[in-house]
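Before any comments, here is the structure.
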Amino acid sequence: MTVVTRFAPSPTGFLHIGGARTALFNWLFARHHGGSARLRIEDTDRKRSTPEAIEAILAGLDWLGLDWDDEVVYQAERAERHAACAKSLLEQGRAYYCYCSPEELAEMRQAARAAGRARLYDGRWRDRDPAEAPAGVDPVIRLKAPLEGETTIEDLVQGEVTVANQQLDDMVLLRADGTPTYMLSVVVDDHDMAVTHVIRGDDHLTNAFRQTQLYRALDWATPAFAHIPLIHGPDGAKLSKRHGALGVEAYRDMGYLPEALNNYLLRLGWSHGDEEIISRDQAVQWFDLDAVGRGAARFDFAKLENLNGHYIREADDERLVALIHGPLESAAGHTLEPAELARLKAGMAGLKMRAKTLNDLAESAAFYVAKRPLSVTDKAAKLLDDEARARLAALAPRLAGAEPWREADLEALVRAFAEAEELKLGKVAQPLRAALTGSTASPSLFEVMEVLGREESMARIGDQLV
RNA sequence: GACCCCAUCGUCUAGAGGCCUAGGACAUCAGCCUUUCACGCUGAAGACACGGGUUCGACUCCCGUUGGGGUCACCA
């Protein structure tokens, strides 16, 4: 049997972090088993679905590097097929028309709640003669679900889960306006798409029972279910926006790399021994449902940051320059010239070692492309007191004549100077750093000088001597 | 409230009855490296929710308690 999975978001908002992980697991499972991963947009709720949300979801998946097989299915376009299935159930006597008004339903619900009963709808139209139907009322179609016994699902993550059929009432299949409900659409689409494994959030676990009943009524085989635990906020409560329930594009904007987010999401609720840093290829090779944990996991920005730092260090210099190009231009206030871009690339090795996010990276790279005279932070300004300026003034002429202008030679020169003046290296290096970068923290000073070049370096030092 | 699910360091997790003196990672703390900040390295502190069973032996199996979560729509 060829594995077919699907990711089925409803386009009512962006692709949030939980959805991203569900998508990742579906994709990984399909790729691992050499099957296909499908994408289905569940846009049956016309009021809440928007084209913008569809775009955002597609863009988010693309950014994460998750691609899908065959064409994307839009659920709303299949409404006729869904309705036909409900009608056929009706003809077979496995479903029935229900003429209850919203008020009646509300009463029933209230009564059931008060009595502590789980079954909200009392089935009053279940065996009633349609001839008794009130005039002028459009009925809904409900499934004639089993009254007794129990329904069991074999969940690949949660194990065997059973619920008494008394807990489940006769769900609505087709609304009064003739449109299909989510329960119906999902089952019909998963069947028609030949989905073999339904991998989705744990919040759908109870839906699996109702859907199983529907599959049976339709005489279709049920797919395998895998309900993966939800992601919680740092406080253990449901993930809120404040906690990170943001769209993946928000993570992109915060300066996270897609490979870092993928790695983080993968390890959240899934593990492979002690492995922490896992490439896409390794993930495809190793991923399976049996290693998915059963408990909800808390979202931890600190670990994501650590992973992001790792992937930034591993990233190609040119790619990083491209990624910070835009933000850097708007921060610097001028269009970056080729020479400045070259400088960034040359300095990237030292910069990326120190960044946790691309935003950090852009910020720390700003001094390379800043126009003179540099703005100097308060802390750095303190390093440039009269004494320090005097030292720089003494050092400057020697630096100006340095040959060749290379990191190692520059370091040797400055060290020799400090020794001759009987100064600790820091006494010379820190003011120099302040003059060259406007800051107290930067990559190796001598690397900075080499990247900046003789002319720019001497000019920046000169700016502080006037 | 009813039903269902879950439960190992602060966090993510390893652990499929003896391999556990409970391992790894992040975070924290200390030290080393060092011109700064990082990176890196070394080390420290830190957990089996509780109570009963089962067993020669339970983190591992069963039951209960507690705690957390999910679902209860003509939303998806």
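Following rounding to the nearest Å, A/H272 (NE2) and B/U13 (C1') show an atom-to-atom distance of 14 Å. The distance from atom OH of A/Y182 to atom P of B/A76 is 9 Å, rounded to the nearest whole Å. Taking atom CG of A/L230 as the reference point, atom P of B/A76 lies 19 Å away to the nearest angstrom. A straight line from CZ of A/R210 to P of B/C72 spans 8 Å, rounded to a whole angstrom. The distance from atom NE2 of A/H227 to atom P of B/C4 is 16 Å, rounded to the nearest whole Å.
Neither OP1 nor OP2 of B/C37 sits under 4.0 Å from any side-chain N or O of A/S442. Residue A/R433 places no side-chain N or O under 4.0 Å from the OP1 or OP2 atom of B/U34. Contact annotation: A/S271 reaches the phosphate of B/A14 (side-chain N/O to OP1 or OP2, under 4.0 Å). Residue A/R48 has no polar side-chain atom (N or O) positioned under 4.0 Å from OP1 or OP2 of B/A76. Within the 4.0 Å cut-off from OP1 or OP2 of B/C37, not a single side-chain nitrogen or oxygen of A/R354 is found. In terms of phosphate contacts, A/R313 brings a side-chain nitrogen or oxygen within less than 4.0 Å of OP1 or OP2 of B/G40.
Between A/R78 and A/D192 there is a salt bridge, since a side-chain N of the basic residue sits under 4.0 Å from a carboxylate O of the acidic one.
Judged by distance alone, with hydrogens and angles left aside, the side-chain atoms of A/R48 form no donor-acceptor pair with the main-chain N or O of A/T12 at under 3.5 Å. Between the side chain of A/W270 and the backbone N or O of A/L265, no donor-acceptor pair lies under 3.5 Å.
Because its NZ or CZ atom is not both nearer than 6.0 Å to the ring centre of A/Y74 and within 45° of the ring axis, A/R40 does not count as a cation-pi partner of that residue.
Atom name C1', nucleotides B/C33 and B/U42: the rounded distance is 11 Å, in whole Å. Using atom C1' as the reference point in both B/G40 and B/A22, the two lie 28 Å apart (nearest Å). Spacing of C1' atoms, B/G46 relative to B/G53, comes out at 31 Å, to the nearest Å. Taking the C1' atoms as reference points, B/C32 lies 29 Å from B/U13, given to the whole Å. For the P atom pair drawn from B/C74 and B/G52, the interatomic distance equals 47 Å after rounding to whole Å. The gap from the P atom of B/A49 to that of B/C9 amounts to 7 Å, rounded to the nearest Å. Nucleotides B/G15 and B/U71 place their C1' atoms 31 Å apart, quoted to the nearest Å. Taking atom P on both B/A2 and B/C56, the two are 39 Å apart, rounded to the nearest angstrom.
Residues A/G269 and A/L205 each lie close to RNA chain B; by heavy-atom proximity, the contact nearer the 5' end of the strand is made by A/L205. Remark on RNA chain B: of its neighbouring residues A/A164 and A/G295, the 5'-side contact belongs to A/A164, judged by nearest-heavy-atom nucleotide.
Among the heavy atoms of the strands, none lies under 4.0 Å from A/F209. Looking at heavy-atom distances under 4.0 Å, A/R298 makes contact with sugar-phosphate atoms alone, never a base.
One N or O donor and one acceptor, one from the side chain of A/S444 and one from the base of B/U35, sit under 3.5 Å apart.
In this model, no donor atom of one side chain and acceptor atom of the other lie less than 3.5 Å apart for A/T22 and A/R200.
Using the six-membered ring where Trp is involved, A/Y215 and A/F225 have ring planes that are perpendicular, over 60° apart on the 30 and 60° scheme.
Aromatic pair A/Y311/A/Y264: ring centres not closer than 6.0 Å.
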- Query: A/Y97 and A/W125: ring pair (Phe, Tyr, Trp, His ring centres under 6.0 Å), yes or no, with the steps?
  - Reply: CA-CA 7 Å; A/Y97 282 121; A/W125 283 95; 9.9 Å; no
Report each atom pair, protein N/O against N/O of nucleotides 23-27 of chain B, whose distance is under 3.5 angstrom.
{"from": "B/G23", "atom 1": "N2", "to": "A/D274", "atom 2": "OD1", "distance (Å)": "3.1"}
{"from": "B/G24", "atom 1": "N2", "to": "A/R267", "atom 2": "NH2", "distance (Å)": "3.4"}
{"from": "B/G24", "atom 1": "N2", "to": "A/E276", "atom 2": "OE2", "distance (Å)": "2.9"}
{"from": "B/A25", "atom 1": "O4'", "to": "A/E276", "atom 2": "OE2", "distance (Å)": "3.3"}
{"from": "B/A25", "atom 1": "N3", "to": "A/K303", "atom 2": "NZ", "distance (Å)": "3.1"}
{"from": "B/C26", "atom 1": "O3'", "to": "A/N306", "atom 2": "ND2", "distance (Å)": "3.3"}
{"from": "B/C26", "atom 1": "O2'", "to": "A/K303", "atom 2": "N", "distance (Å)": "3.4"}

